[in-house]
Amino acid sequence: MIPEDVQELYTRLLGEELSFEPELGPLVPSETLLELAGGLKALGFQFLVYCASAHFFAEGEQPEVCMTTYRVRRLGRGTVSVAFHLRVPYGTATPSLVPIWAGADWQEREQFDLVGARFEGHPDLRRIMMPEDWEGHPLRRDYPIDTPHFPWR
Amino acid sequence: MKTLDIGGVSVPAELVKSSWADPWLDIDDYDAESDLMALNMGPQHPSTHGVLRVKLFVDGEICVKCVPYLGYLHRGVEKLCEKLTYVQIPSVVDKNDYVSPMMNELAVCMAFEKLCEIEVPERAQVIRTVVAELQRLASHLLWVGTWGLDMGGAIGGGGTLFLHTFRERELVLDLFEDLTGGRFHYNHHTPGGQRHDLPAGWEASVKQVLTFIEGRLPEYEDMTDNRIFFARTKGVGVIDPVLLMELGVSGPVARASGIDHDLRRDAPYCVYDRVDLRVPVETGGDCYARFLVRMAEMRESIRLVRLLIDSIPPGPVVGAKMVKLPGAVKFKQKEWGSAYSAIESPRGELGTFVIGEPKKASPWRCKIRPPSYHLVSLLPYICPGEMISDIVVILGSLDPILGEVDR
């Protein structure tokens, strides 16, 4: 169930009546993202649950895609969590949500490190799990797991 | 007491600060005159609970800037999840939070059940709740003991409390050994229920253990009721509830800062909607408040297990279609699907976000949302301004598990 105030915000910003699956949330264009996130925070969604990216292969005319999904939560009794997601060609930057939720900092760094998602306006986009001289992003779907990688010993 | 309303949650007004420490502070700008020293705490430091490395810039004894470095325990669990099937994954995620493995299994199994639309029988749901609460008890027992070690001589000569809590925790591990055959890595939950049914007489031994542990809890309080302990914990490491919300920190740490939120009560899963859960909330926000919250949670867990242990319904522990083959559980839809499900682990919200590929037995992407990752991300904001010896206490009071942070 999507609360009415959230439904109203989504309808106002995305311009259509929403019949979305709550797990992934509606598809948001990059230019609306910051406005939507700011609106959600003003509605009491103070808690950024997670940010997760995934890599999808090129399909026909479509280029390789990087999908990033965010989930935010309203705390307290009768807690509600809602999600929204973006899809961009792999390697294209999406706006960073660090100015809105400070917790997005490490979340987005992890997705950058492991999946290779890019975030524009992130203050400190460095690797976090892998060594700094690691090549490639391990959670890309075509990343081989059975061959040694530099600086593998 | 004055409270402020932040996003529908009322938090104590005195804890809310106007600004936080700057995690990206340029150390050259700080004070050219002072003699700053960079100090690496970890990765082999005993108080970092594993292999966390924290780089501290200290001015005398006072920390000026704190930079955590992760990845020493990165094992690529999320990549492994892409290669394994839904049935195989629960045995791998056991090793994430090695202090509460039952919770990890439960979190991924619930997400896979939601994604693949698998029914869980009544008996399995009640058993899940019981083992989850026993696991919370064991995890908090370990925390009290190791935190006592972190504080050195502050609690009964350092090692005393540690030995006491480990003795009690061992009893809970023995219960799990009877149930699953393993002491740490249980591989108990599976999508659709449990792998093992309860052994005969298990309920009776659970009640015996609970009575024993309940009698011991006042002893810990007696041991910590001393002036040195209060001096080390009261007013140390006060955390702003608004910062906790922004960074995504939940669990006992958030409840110690006055955030009245618990997924067991607010978004019930398993059979938590049938029990009247009392959520302990403290308003101190310091290390002592976190101690009080965890002690109260242990008592609450004992009460919940007592409520449920006698009313475990008869029946199967797995759904009718469950077979123990790697490819037994499949995402059967023709379209791509995704699911997120979260539970309240001893450290906070432990969730799993999974994207299912059509007609396949392994997920396309499985993201684990560990509570400890968010706890460690707190350090750059709360450490500046504290003494080095207090940072050890604060880090211990957060209770991060590094296997879960690095995955």
Side-chain angles (χ1 to χ4, degrees), chain A residues 21-25 40-57 67 69 71-81 83 85 98 100-107 109-111 113-115 123-124 126-132 134 138-141 143 145-146, chain B residues 5-10 20 23-24 68-71 73-74 76 78-80 82-83 114-115 242-250 254 259-263 265-267 336-342 349 351 353-355 364-370 373-374 376-378 380-381 405-407:
Chain A
E21 31 172 344
E23 300 304 337
L24 211 51
L40 280 172
K41 196 177 177 194
L43 287 180
F45 290 86
Q46 290 273 336
F47 189 88
L48 179 71
V49 183
Y50 65 82
C51 152
S53 297
H55 168 236
F56 292 89
F57 290 126
M67 189 206 77
T69 167
R71 174 173 293 265
V72 290
R73 190 183 283 283
R74 206 185 251 163
L75 296 187
R77 282 169 193 272
T79 178
V80 177
S81 74
H85 78 286
V98 178
I100 301 187
W101 289 284
D105 174 12
W106 278 33
Q107 295 283 302
R109 263 177 79 186
E110 187 192 338
Q111 300 314 313
D113 183 4
L114 298 180
V115 188
D124 187 24
R126 281 183 292 130
R127 286 190 179 273
I128 189 162
M129 300 278 186
M130 311 300 286
E132 275 165 26
W134 195 264
L139 282 184
R140 270 183 65 101
R141 283 299 298 204
Y143 190 85
I145 60 166
D146 50 356
Chain B
D5 186 74
I6 309 283
V9 193
S10 57
W20 307 315
W24 301 294
Y69 289 90
L70 315 178
L73 216 54
H74 182 61
E78 289 176 11
K79 188 70 182 173
L80 267 176
E82 290 173 4
K83 302 292 169 188
K114 199 168 171 186
L115 180 76
V242 181
L243 175 68
L244 290 174
M245 283 192 218
E246 288 235 345
L247 290 183
V249 178
S250 49
I259 301 174
D260 188 8
H261 174 73
D262 190 317
L263 284 177
R265 181 196 65 197
D266 300 331
W336 290 80
S338 62
Y340 176 72
S341 114
E349 175 171 350
F353 173 69
V354 54
I355 300 178
W364 181 264
R365 172 89 165 89
C366 179
K367 150 92 184 169
I368 294 160
R369 188 260 184 219
Y373 189 77
H374 299 255
V376 174
S377 75
L378 257 177
Y381 294 92
V405 175
D406 293 342
R407 303 193 297 292

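Chain letters run A, B, ... following the sequence lines, proteins first, then strands; residues in each count from 1.
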Segment of [X] engaging chain A (4.5 angstrom heavy-atom cut-off):
X        : value
B/Glu349 : side chain
B/Tyr373 : both
B/Ile259 : side chain
B/Val405 : backbone
B/Leu73  : neither
B/Ala342 : side chain

Notebook entry, point to check: Where does the angle between the aromatic ring planes of B/Tyr340 and A/Tyr50 fall among parallel (under 30°), tilted (30 to 60°) and perpendicular (over 60°)?
Noted result: tilted
Next item on the list: Just jot down the side-chain contact (heavy atoms from CB on, under 4.5 Å) partners of A/Ala54, sequence neighbours excluded, or say none.
Entry: A/Phe56, B/Ile355, B/Arg365
Item checked: Contacts of A/Ala104 that satisfy side-chain contact (heavy atoms from CB on, under 4.5 Å) - sequence neighbours left out -> A/Leu48, A/Leu97, A/Val98, A/Glu108
Using non-hydrogen atoms only, which part of [X] is less than 4.5 Å away from chain B: side chain, backbone, both, or neither?
X        : value
A/Arg127 : neither
A/Asp113 : neither
A/Arg140 : backbone
A/Ile100 : backbone
A/Val72  : neither

If you measure from [atom1] on [X] to [atom2] on [Y], what distance do you get to the nearest 0.5 Å?
X        : Y        : atom1 : atom2 : result
B/Tyr69  : A/Met129 : OH    : CE    : 15.5 Å
A/Gln107 : B/Ser377 : CD    : OG    : 8.0 Å
A/Arg74  : B/His261 : CZ    : NE2   : 13.0 Å
A/Ser81  : B/Asp266 : OG    : CG    : 12.0 Å
B/Leu247 : A/Gln46  : CG    : CD    : 11.5 Å

Checklist line | Nearest non-hydrogen partners of A/Leu75 and B/Met245, listed with the distance | finding: CD1-CG, 3.7 Å
Item checked: Distance-minimising heavy-atom pair for B/His74 and A/Met130 -> CD2-SD, 3.4 Å
Notebook entry, point to check: Checking side-chain contact (heavy atoms from CB on, under 4.5 Å) for the pair A/Val49/B/His374: CA distance, chi angles, key distance, verdict?
Noted result: CA-CA 10 Å; A/Val49 183; B/His374 299 255; over 6 Å; no
Note to self: What verdict does the side-chain contact (heavy atoms from CB on, under 4.5 Å) test give for B/Phe353 and A/Arg71, after you've listed the backbone C-alpha separation in whole Å, the side-chain angles of each residue and the deciding distance to 0.1 Å?
What the structure shows: CA-CA 10 Å; B/Phe353 173 69; A/Arg71 174 173 293 265; 5.7 Å; no
Check: Does any N or O in the side chain of B/Glu246 come within less than 3.5 Å of the main-chain N or O of A/Ala102, such that one atom is a donor and the other an acceptor?
Finding: yes
Check: Any donor and acceptor pair, going by atom type alone, linking the side chain of B/Lys367 with main-chain N or O of A/Ser53 inside 3.5 Å?
Finding: no
Notebook entry, point to check: Given the options B/Leu378, B/Val376, B/Leu80, B/Asp262, which has more heavy-atom pairs under 4.5 Å with chain A than any of the others?
Noted result: B/Val376
Next item on the list: Heavy-atom pairs under 4.5 Å with chain A are the metric here; pick the option from B/Lys114, B/Glu78, B/Lys83, B/Arg265 that has the most.
Entry: B/Arg265
Note to self: Checking B/Trp364 against A/Arg141 for the side-chain contact (heavy atoms from CB on, under 4.5 Å) test, could you report, in this order, the C-alpha distance in whole Å, the side-chain angles of both residues, the deciding distance, and whether it holds?
What the structure shows: CA-CA 8 Å; B/Trp364 181 264; A/Arg141 283 299 298 204; 3.2 Å; yes
Note to self: Is there a side-chain contact (heavy atoms from CB on, under 4.5 Å) between A/Phe47 and B/Leu244? Walk through the geometry before answering.
What the structure shows: CA-CA 8 Å; A/Phe47 189 88; B/Leu244 290 174; over 6 Å; no
